[in-house]
Amino acid sequence: MTSEAPVKHAVRVQVNERQYEEEVEGRRLLVHFLRETLGLTGTHVGCVVGECGACSVLLDGSVVKSCLVLAVQADGRAVVTIEGLERNGSLHPLQESFVSRYGLQCGYCTPGMILTALDLLARNPRPTEDDIRHGLAGNLCMCTGYMQIVEAVREAATVLAGATPDLA
Amino acid sequence: MISAERPQGTSVGKSVRSHEAPRHASGRGHFVDDYRLPGMLHAAVLRSPHPHARIVGFDVTEALGLPGMVAVLTPDDVRSMSRPFAPGRYAAGLRTPVPEYASAVDKVRYVGEPVAAVAARDAATAEDALDRIVVEYEPLPPVVGTSEAMRRDAPLLYEELGTNVPWRGAVSYGDVDAAFREAELVVRDRLKMHRYSSVPLETFACIASADPTNATLTVWVNAQVPDVIDDALREGLGLRDVRIIIPDIGGGFGQKIHLIRKYVLITALLSLKTSRPVKWVEDRSGHMMAGGHACAQEWDVEAAVQRDGTVLGLRVRETDDVGGSISTLTIHFTNKLNNLFNTYTTQHLSLEGSSVVTNKCPVVPNRGIGKPGMCFVWERTMDRVAQTLGMSPVEVRTVNLIPSDQFPYQTPNGNIYDSGDYAGMLRRAMERIGYEELREEQARLREQGRCLGVGLAVAVEPGGRNAARDLALFPGIKGVSGSGGVNGATIRLERSGMVTLLLGSPNCGQSHETTTSQIVGDVLGLSPDRISVISPFDSEVAPWGSAAANSGNNFHLYDIGAAHDAARKLRERILTLAGHLLNTDPEDLVLEDGAVSRRSRGTPDQDGVGPSHAPSPHSPTPRLTFAELGRVAYGNQALLPKGFEPGLQETSYYTFPHAEPFVVPDEQGRVRAQFTFSAAVHIAVVEVDPATGEVEVQRYLIVSDNGTIINPSVVDGQIYGSAAHGISVALGEAFVYDEDGRLLTLTLTDYGKSTALETPRIEVEHRPMPSPFTTLGQKAAGEGAAIPSPAAIASAVEDALQPFGVRVRELPLTPEAIWRLIGSSAR
Ligand code: FES
Ligand code: FES
């Protein structure tokens, strides 16, 4: 019988530009660390086995599924979650395009979609529709049929590139 | 008869800024799992590993010894602490009532059926504890297929019923035998649809907080229909004071209507047992095993046909595989009353059904519940008739479509189609897709051995539920069913001048807050962003009735109707108060921009006006802002008109004003199953690779009539999403069991959910035919495109494979299935 308290590990991690230091069990997943330990509930859980992308966050600038990462693996690294994208009370242009283009319905996949799209646009600022669909293929949305998500990402790409979006 | 009064504002018809999207895009959505209560425990559910077994022993000692464990809920607890669910309308076909508790108490009937639950200080401890519960099972032979289940010597799921076919029944309209005697030929087929689901991204989740000293219970749950939860908790636990809070829901599609009540009850029992709040969140594999599947349906179809393509009559025998529960026995059958005649003038139809219990997951509603099946039957039959007669599939449908000058059109089973122009939509769809050119290209490609196919499906999308529908089959269920539907809305002009709106039902992603803010905004002359729509749904606050359901395509009828009526009443009261304060006839006032002012006439006013406020051409028009009105209504008694009730709040409950005739079934069983009828034509263009069986959807076009469109982006989104689902269902999504009754598709990948890569671009063109019966001419958009899309894909794949003489009779059309089809028919 295991009656002794589980061993805890110290984790020092920067999340949304803030430094945290917490003691966690070795088996604690990053997604649960973010949601439960830090209270950042914008990161969602749809499967916990890496198939849906609802838990996507940026780890040192690249998108990861936070259900496939242990909290201890984030030690000494920087995480960005959906809560970290606003600036001075304004939505990030990508968040804004998901709003204006109705790129969401129930909103459950949205934070993961936005962070994945952010990673995509960082690597490929002028993606074609195909590029966008490939880039989002690890994130499932059960509501939208992806049409308005693709449009939202395309519009954000235009805005971020400094041009005026083609609203046609 | 036409009573639609258009609001005078301007936001209806526009994709205004979404109310819901900013909170979701910023991570501020509030889903059940985001809530935490002080002292809250975490639950985990122990599920059956067996498809069919008797529970013979139970030992929880070891589990209770685990540090951090607080309580175990055993089958004995469930039996002693709760009562079985009252049989609802979908169990009405049972001759002998079968008690069904929240968890299995004596037998398990499907893999994943809940048998026990634990509550612990955290979720990980609760999971660990499950491994320490010892359940002794006596395995029984599993019954997996329907034909196996129907055999005389088959093991019985419910011994007390003496059969695995607890219900058989039929409906018949017109004179079907006469139609078949008269027909020049009979076209027959055997068709099949499989088990699938909409797999919402957020699984079931619930927090129960009981106060046993006070016999009160509050639950936070992502349920689509509050009264299912309310009934389950009140009847199951004998509690009077039950409060249900429904925050944001991460997708529903019907999945979160029925089976979720079991888990709410289990969580509530753990909360009662521990006197602490308890949270339970379903895991993905649990959802795949036990969260509910759409019913696998099989049909024997016979059509009585004339040589010109007219379908005189249809005879359908249906077998439903309802899985291991009797609580939704007839749900996929009775929902076919909603689109029984689809878009066609056929006058004679019989539908016979058998519901078979098997050791698989119970069936639940899913985007359309049975209607995709009915549409599949009709549309496959139309293609078959075309092939038999050597006609084009377009021609055969055109011959049978209800002509546009016959609306409102009454179907033989009592549905009244409000408006439509089916032939016009079909013509437009052909034109836009370039049908003739596609046929030429198809011929060219065929010469190169390539398989291009064009498929077609036409469908009605019924909206707005009538609770009395099932009385057509089960006249005895009067007490359970009610009739028509009721839902409410409350609107208030606040002291601050802000307007708040409280809706009577929850929503799971259909932008109800945005849409209703447009409607009431137009009535009150207020921009939609100045209206705050209250969320979450709270059963002790919301003005809800029997139609309070994120289900049945109810929103467009009941919620919009109620919100609009409530806003009109508030408008009257605002005008009365303002008229008094401005000493002006309310008739001469306008509401604009959050203020009431005198109607401007361009020239100095000639009419008699009150002396105190008579405007001179040079003075500003007398005007009262909503905030000024609010201050008077809530705080300045002396200024209120005589007899004017203080406050500015109005509630309306809406029932469909044109529900007669057939709001209850007549002697011929004619009943309005639903009240409005959207419609669509779907065209799929696919290329099939005959070597691999792979299907590429090259184009997918929908010409859609959803009545008056309130918010185009919202309606488009509903159409895109439901079409994408139906297409994915047709091409591969499926729950697969092995012959021992074990589910093989426990993950989203195994299940075959389409990603952004496989999902085709969907083109939508609107041809709105406003309903003459609804508030603004609106009709439904929600289940919509999930109804015809499986049939359209089947039609396209069959067309592509015509050189092989292939007949598509069942779904899903996975590469393997297609490869087998080609193999079996070509050589
Ligand atoms: S929750 Fe991490 S991928 Fe699904
Ligand atoms: S918006 Fe619901 S899952 Fe994407």
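Chain naming here is simple, since letters A, B, ... match the order of the sequence lines and numbering starts at 1 in each.
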Which atom pair, heavy atoms only, marks the closest approach of A/Leu140 to B/Leu201? O-CD2, 3.5 Å
Part of residues 24-35 of chain A lying next to chain B, heavy-atom separation under 4.5 Å: A/Arg27, A/Arg35
Check the pair A/Glu129 / B/Arg761 against salt bridge (Lys or Arg N to Asp or Glu O under 4.0 Å), numbers first and verdict last. CA-CA 10 Å; A/Glu129 166 161 2; B/Arg761 266 195 82 76; 2.8 Å; yes
Where do B/Ile762 and A/Met147 come nearest, in terms of heavy atoms and distance? O-CE, 3.1 Å
To the nearest 0.5 Å, what is the distance between CG (B/Asp34) and CG (A/Leu40)? 11.0 Å
Roughly how far, to the nearest 0.5 Å, is CD1 of B/Ile249 from SG of A/Cys106? 9.5 Å
In terms of side-chain heavy atoms, does A/Tyr102 have a donor or acceptor partner in B/Asn711 at a distance below 3.5 Å? yes
Measuring only between side-chain heavy atoms, which start at C-beta, is A/Gln148 closer than 4.5 Å to B/Ser713? yes
Any non-hydrogen side-chain atom of B/Gln718 less than 4.5 Å from a side-chain atom of A/Gln105? yes
Which region of A/Leu85, side chain (C-beta onward) or backbone (N, CA, C, O), has a non-hydrogen atom less than 4.5 Å from a non-hydrogen atom of chain B, or is it both or neither? neither
Does anything in residues 86-94 of chain A reach chain B? List residues with heavy atoms under 4.5 Å apart, or say none. A/Glu86, A/Leu91
Quick one: list whatever passes ring pair (Phe, Tyr, Trp, His ring centres under 6.0 Å) with A/Tyr146, sequence neighbours left out. none
Tell me, for B/Ala124 versus chain A, whether the close heavy atoms (under 4.5 Å) come from the side chain, the backbone, both or neither. both
Kindly indicate whether the side chain of B/Ser198, heavy atoms from C-beta on, has any atom under 4.5 Å from the side chain of A/Met142. no
Would you check if the side chain of B/Arg36 reaches a backbone N or O of A/Glu36 as a donor-acceptor pair within less than 3.5 Å? yes
Ring pair (Phe, Tyr, Trp, His ring centres under 6.0 Å) pairs, two or more places apart, involving residues 117-137 of chain A: none
